[in-house]
Amino acid sequence: MYRTKIEELLKWKNKTGRKPLIVRGARQVGKTWLIKEFGRLHYKNIVYVNFENTPELQSIFESDFDIDRIILTLQMHARIVIKPEDTLIFFDEIQSAPRGLTSLKYFCEDAPQYHVIAAGSLLGMGLHANISFPVGKVNFIDMHPLTFFEFLCAMGEEMIANAIHSKQWDALYPFESKLREYLKTYFYVGGMPEVVQAFVNNHDLPEVRSIQREILNSYEADFSKHAPNDIVPRIYMAWRSIPSQLSKENKKFVYGIMRDGARAKDFELAIEWLCNCGLFLKAHRIKEPRLPLTAYQDLSTFKIFIHDVGLLSAMTALDMNTLIGNDRVFTEFKGALTEQYVMQELHARQFDYIGYWTNERSTAEVDFIIQSASQVIPIEVKAETNVHAKSFRLFCTQYTPTTAYRTSMLPYKDEQWMTNIPLWAIWTI
């Protein structure tokens, strides 16, 4: 299936001053497949080492960082002569090799001619004590579940996806009903590659749910495997509280939902761990929509989403007929799936900052505030076609942003004070 990140990998390959690359992302978002596919398409050979599955190579970096010795060992393992110009070296699950991350510094400084990519789940990478991280010596690419654009491509709708990407609104008008149905399906299926592939193959929704539950179970098994023992119970509580957190009208994270009397200091490490793993997406409240937004964020007030809308719908056990059979998907669960979808689409775009705004009395709220280059852009999310938004108009009147967006199921419309973007085209922002 097509992943847009392959274009970023190609830019990295051809980049002057290229450094070893770390591909980050939560488990099962498609890191290994993407890098192998990139190697297949753009290199003559690929040397693949999964340090979790090849314990005999886990000690390769322990004695020293002599690159000539390391390359010779890799050649004997792969039975391939490594030529820098046409061989990709791929270290998978690099966190399982002691000093593996540190070795990237020496590839950068002593042997920059080699093309080296490292990957590993954020459930393991960089979260252990006493690891020397190669600061300034590596490039990064972040992987996410399939976006709605990639989902459309996987469904064989590349032409429609490209028309959305190029904002051909008039040409897309006859397909709005079809896109609405695809979006409902995406809310159920989500963007985890294994789940999407299974759906593309046979359109079996019970199988989709079964795979999603397996992924959720594997995540919970990883908590106890990778997290510090003293915060594991709190990680479970924070993770399992997400459906309840997002079912509220006000989706601000409330510690008391996890446990009576819970306080921020009891759970801040657990929440930060889940954020670092790529499983939680956090949006802080912005006090004032001014640049830079980080200077105006309220660190004590935030919303939490997870990284995939399909996994969220699986966590809530919403009936497939509710999600697929009618339009209740956009308002069921208090519109939480819609806001979750918008958050993950914005996150995949890697804007400089994503937060949300409320006034001091919390009587007015704008769902998302993003910073893009030198602009602060408000985004109001409406689940269906009822787009009355008193808070959004109040915000735009008070702060007069240069650009403002509402996303809903209405067609594209450019008004004087804001632009309505269909939900199925939110990635075009």
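For this chain, numbers begin at 1 and follow the sequence in order. This structure is a prediction, so every number in the text was calculated from the model and none was measured.
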Worksheet item: Where do R3 and E150 land on the salt bridge (charged side-chain N to carboxylate O under 4.0 Å, His left out) test, with the steps shown first?
Response: CA-CA 6 Å; R3 302 301 304 268; E150 292 170 317; 3.2 Å; yes

Worksheet item: When you look at K31 and E37, which way does the salt bridge (charged side-chain N to carboxylate O under 4.0 Å, His left out) test go after all the steps?
Response: CA-CA 10 Å; K31 300 184 296 295; E37 181 71 0; over 6 Å; no

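Ion pairing between R24 and D142 holds under the 4.0 Å rule for side-chain N and carboxylate O. Salt bridge annotation for K19-E109: absent, with no cationic side-chain nitrogen under 4.0 angstrom from a carboxylate oxygen. Between E8 and K11 there is no salt bridge, since none of the side-chain N atoms of the basic residue sits less than 4.0 Å from a carboxylate O of the acidic one. Salt-bridge check for E360 with R285: passed, with a basic side-chain N closer than 4.0 Å to an acidic carboxylate O. With salt bridges taken as basic N to acidic carboxylate O contacts below 4.0 Å, none links R234 and E272. Look at K382 and E380 and you find a salt bridge, because one of the NZ, NE, NH1 or NH2 atoms lies within 4.0 Å of a carboxylate O, short of that distance.
Considering all non-hydrogen atoms of both residues, Q340 and I306 come closest at NE2-O, 2.6 Å. Residues E176 and P411 come closest through the heavy atom pair OE2-CB, 3.5 Å.
Both tests do not hold together for K137 against F107: distance to the six-membered ring centre under 6.0 Å, angle to the ring axis within 45°. In this structure, K282 is not positioned above the aromatic face of F253 in the sense of NZ or CZ being under 6.0 Å from the six-membered ring centre and within 45° of the axis. The side-chain tip of R209 points at the ring of Y188 from less than 6.0 angstrom away and within 45° of straight on. For the pair K36 and Y48, the distance from NZ or CZ to the six-membered ring centre is under 6.0 Å and the angle to the ring normal is within 45 degrees. Under the 6.0 Å distance and 45° angle rule, R27 does not count as a cation-pi partner of Y219.
For the pair L57/H77, a side-chain contact is recorded, criterion being any heavy-atom separation below 4.5 Å from C-beta on. Side-chain atoms of E339 and D367, non-hydrogen and from C-beta on, do get closer than 4.5 Å to each other. In this structure, the side chains of N359 and T363 come closer than 4.5 Å at one or more pairs of heavy atoms.
Remark: N217 CG is packed, more than 12 non-hydrogen atoms of other residues, nucleotides or ligands lying under 6.0 Å away.
No close placement of the W424 and Y182 rings is indicated, their centers lying 6.0 Å or farther apart. Aromatic rings from Y236 and F223 are positioned such that their centres are separated by under 6.0 Å. A centroid separation of 6.0 Å or more is found between the aromatic rings of H144 and H307.
Aromatic ring pairs are classed by plane angle as parallel below 30°, tilted from 30° to 60° and perpendicular above 60°; the pair Y255 and F267 is tilted.
The distance from the CE atom of M258 to the CZ atom of R263 is 12.5 Å, given to the nearest 0.5 Å.
When Y43, F90, F91 are each tested for a ring pair (Phe, Tyr, Trp, His ring centres under 6.0 Å) with H115, only one passes: Y43.
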